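Data first, discussion second: the structure below is written as structure tokens.
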There are 2 protein chains.
Amino acid sequence: MSKELQIFHEFLQKKGLKLTKPREIILEEVFHTNKHFNVDELYDQIRRKYENVSRATVYRTIPLLIEANLIKNALRCAAKDHYEHIYGSSNHFHLVCKKCGKIIEEDLKEVEEVLQKYAKLHNFKIEEFNIGANGYCSDCRKDN
Amino acid sequence: MSKELQIFHEFLQKKGLKLTKPREIILEEVFHTNKHFNVDELYDQIRRKYENVSRATVYRTIPLLIEANLIKNALRCAAKDHYEHIYGSSNHFHLVCKKCGKIIEEDLKEVEEVLQKYAKLHNFKIEEFNIGANGYCSDCRKDN
DNA sequence: GTCACTGCAAAAAATTTGCAGGCGT
DNA sequence: ACGCCTGCAAATTTTTTGCAGTGAC
């Protein structure tokens with residue numbers, strides 16, 4: 001029994017839920033790849049090997065895996081459905097206030113250098129990168 | 001005429017496209033907020049002020065704004081439809097290969113320190129942050 | 001045996017497309 | 001005037017839900 005399955009099993013038990021075959025299959029496939037995935041891709045991948053896991057079950061299992069802390073929304077997604085306007089030059093990263101939405105821009109250079117340093121270690125060629133943080137700006141911190 | 005509108009206008013001209021009223025309205029609303037948005041939110045916001053911009057037009061304008069480099073997919077989105085499994089500890093950032101999907105994990109500490117340094121300058125309290133890069137891993141660079 | 005879970009199909013929501021007229025250049 | 005653009009409504013695609021039978025505990 002893989003470590004992930006163990007974690008999932010425990011999580012389900014704690015919530016009075018059951019470890020079923022479809023859930024096992026889904027978990028296994030999730031951990032079988034290192035790529036980001038969406039429901040469609042995951043479903044296809046499962047369908048290539050097994051017959052009987054429905055899309056609905058995949059949709060229903062994903063929130064459980066998130067709650068169990070086994071998967072999360074992809075970090076560097078091309079967030080298909082969220083956008084932000086580009087603000088001044090692109091050589092900045094953003095500190096976005098969760099309360100008032102204010103965006104503070106700061107210089108990217110130093111952060112980028114660190115990133116590139118690590119990329120170089122792996123002979124990895126960075127084409128794009130994103131850096132950003134959410135939290136509370138000085139004004140909104142007072143209110144919390 | 002705002003700077004953004006100017007950029008958009010130029011972009012459209014260069015492509016033989018036209019600056020129409022709906023496109024102007026959409027652009028204006030995009031830059032009217034600092035928050036991330038999705039089509040629905042943008043559409044509602046427009047509808048609160050104007051009568052005649054259809055959802056379809058919003059959907060059709062967004063790719064243009066992206067191509068014009070005026071908006072981009074949100075940095076820190078909760079990518080509603082992309083997931084990744086959680087891999088070892090979370091104190092890593094990822095270098096994701098665009099070709100083979102391989103994920104290289106690297107230590108976050110140094111990057112985080114830089115981020116925190118800038119946050120401190122603004123008395124900003126970071127609650128969450130994401131860092132990641134796409135590009136080509138050493139294996140896949142050979143093929144390009 | 002109980003109650004959560006499943007697949008299926010239908011429903012709802014989100015996105016894309018075709019079309020006939022309207023409008024920027 | 002030309003041809004891109006628009007709104008609308010229909011089509012498609014994506015996600016959620018209801019239900020009756022099935023299976024984990």
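Values below: every heavy atom of this structure, side chains too, minus hydrogens, waters and symmetry copies. If you're wondering where the values come from, they're calculated on a predicted model, not measured in any experiment. Each chain gets a letter, A, B and so on, in the order its sequence line appears, and its residues count up from 1.
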Practice task
Give Arg60(A) one of three labels, base, sugar-phosphate or nothing, depending on what nucleic acid heavy atoms sit under 4.0 Å from its own.
Solution key: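 The answer is base, as Arg60(A) lies within the cut-off (heavy atoms under 4.0 Å) of a base atom.
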Problem - Taking every non-hydrogen atom, the tightest pair across Leu64(A) and Phe11(A) - result: O-CE2, 3.6 Å
Completion exercise
On a heavy-atom basis, the closest approach of Ala68(B) and Ile7(B) is O-CG2, 4.3 Å
Return the value, rounded to whole Å, for the distance between atom [atom1] of [X] and atom [atom2] of [N].
X	N	atom1	atom2	answer
Glu41(A)	dT13(D)	CD	P	16 Å
Arg47(B)	dC8(D)	CZ	C1'	11 Å
Leu17(B)	dT6(D)	CG	C1'	14 Å
Glu24(A)	dA24(D)	CD	P	10 Å
Leu19(A)	dC5(C)	CG	P	11 Å
Asn52(B)	dC23(C)	CG	C1'	14 Å
Arg23(B)	dC23(C)	CZ	P	15 Å
Arg55(B)	dC5(D)	CZ	P	22 Å

Practice task
By nearest nucleotide on DNA chain D, pick out whichever of Ser54(B) and Gly16(B) is the more 5' one.
Solution key: Gly16(B)
Handout entry: Side-chain-base donor-acceptor pair under 3.5 Å for Lys18(A) and dC3(C)
Key = yes
Run the side-chain donor-acceptor check on residues 15-25 of chain B: report pairs under 3.5 Å with partners two or more places apart or on a different chain.
residue: Lys15(B); atom: NZ; partner: Glu67(B); partner atom: OE1; Å: 3.3
residue: Lys15(B); atom: NZ; partner: Glu67(B); partner atom: OE2; Å: 2.7
residue: Arg23(B); atom: NH1; partner: Lys18(B); partner atom: O; Å: 2.7

Handout entry: Any residue meeting ring pair (Phe, Tyr, Trp, His ring centres under 6.0 Å) with Tyr118(A), in chain and number order, not counting sequence neighbours
Key =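 Tyr118(A) satisfies ring pair (Phe, Tyr, Trp, His ring centres under 6.0 Å) with Phe93(B) only.
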Practice task
Check Asp44(A), Val53(A), Val58(A), Leu42(A) against Glu29(A) for a side-chain contact (heavy atoms from CB on, under 4.5 Å) and give me the one that passes.
Solution key: Leu42(A)
When you measure from the side-chain N and O atoms of [X] to the phosphate of [N], is any distance below 4.0 Å, counting only OP1 and OP2?
X	N	answer
Thr20(A)	dA4(C)	no
His9(A)	dA24(D)	no
Tyr59(A)	dT16(D)	no

Fill in the blank from the handout: Walking DNA chain C from its 5' end, the first of Asp40(B) and Pro22(A) to be reached, judged by nearest nucleotide, is Pro22(A)
